[in-house]
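These notes are about the structure you will find just below.
Just so you know, these numbers use all the heavy atoms, side chains as well, and skip hydrogens, waters and symmetry mates. Quick note: residue numbers are just sequence positions, from 1. This is a predicted model, so every value here is computed, not measured.
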Amino acid sequence: MGMSYKKAWAMVDELNDKAFTPYVITQKGGKKGGGAELTKAGKDIVKTYRKVLAKVSSVLDKHKSLLDLV
């Protein structure tokens, strides 16, 4: 993605801080190791993002000829 691990985690922390409920939860390492997972809210926001991205892409595809003029 072209960014450092530290920057990515800073962005995750910022999103979690601004949300009503966390999007990502983490577990510290141990015998089984640590990890991170999306919460239901996180999964929902990813699904919504993908829908918006698909709609934007569809609009851009329909108007590609106009964009070529710019």
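Using a 4.5 Å heavy-atom cutoff, the side chains of V24 and T39 are not in contact.
Grouping Ile, Leu, Val, Met, Phe, Trp and Tyr residues whose side-chain heavy atoms lie under 4.5 Å apart, directly or via other members, places M3 in a hydrophobic cluster with M1, M11. Its side chain outside the 4.5 Å cluster rule for every partner, F20 clusters with none of the Ile, Leu, Val, Met, Phe, Trp and Tyr residues.
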Please tabulate, for the side chains in residues 49-57, all donor-acceptor contacts under 3.5 angstrom to protein atoms that are two or more places apart in sequence or on a different chain.
| from | atom 1 | to | atom 2 | distance (Å) |
| --- | --- | --- | --- | --- |
| S57 | OG | L53 | O | 3.0 |

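For D44, the side chain to side chain donor-acceptor pair (under 3.5 Å) partners two or more places apart in sequence, or in a different chain, are K40. Residues satisfying the side-chain contact (heavy atoms from CB on, under 4.5 Å) test with S58, not counting sequence neighbours, are K62.
Between P22 and A41, the closest heavy-atom pair is O-CB, 4.0 Å.
Transitive grouping of hydrophobic side chains (ILVMFWY, heavy atoms separated by less than 4.5 Å) brings L38 and W9 into a common cluster. Note on V12 and V46: same hydrophobic cluster, where clusters join Ile, Leu, Val, Met, Phe, Trp and Tyr whose side-chain heavy atoms are under 4.5 Å apart, directly or indirectly.
A side chain to side chain donor-acceptor pair (under 3.5 Å) check over residues 15-27, counting only residues at least two apart or in different chains, returns the pairs E14-K18.
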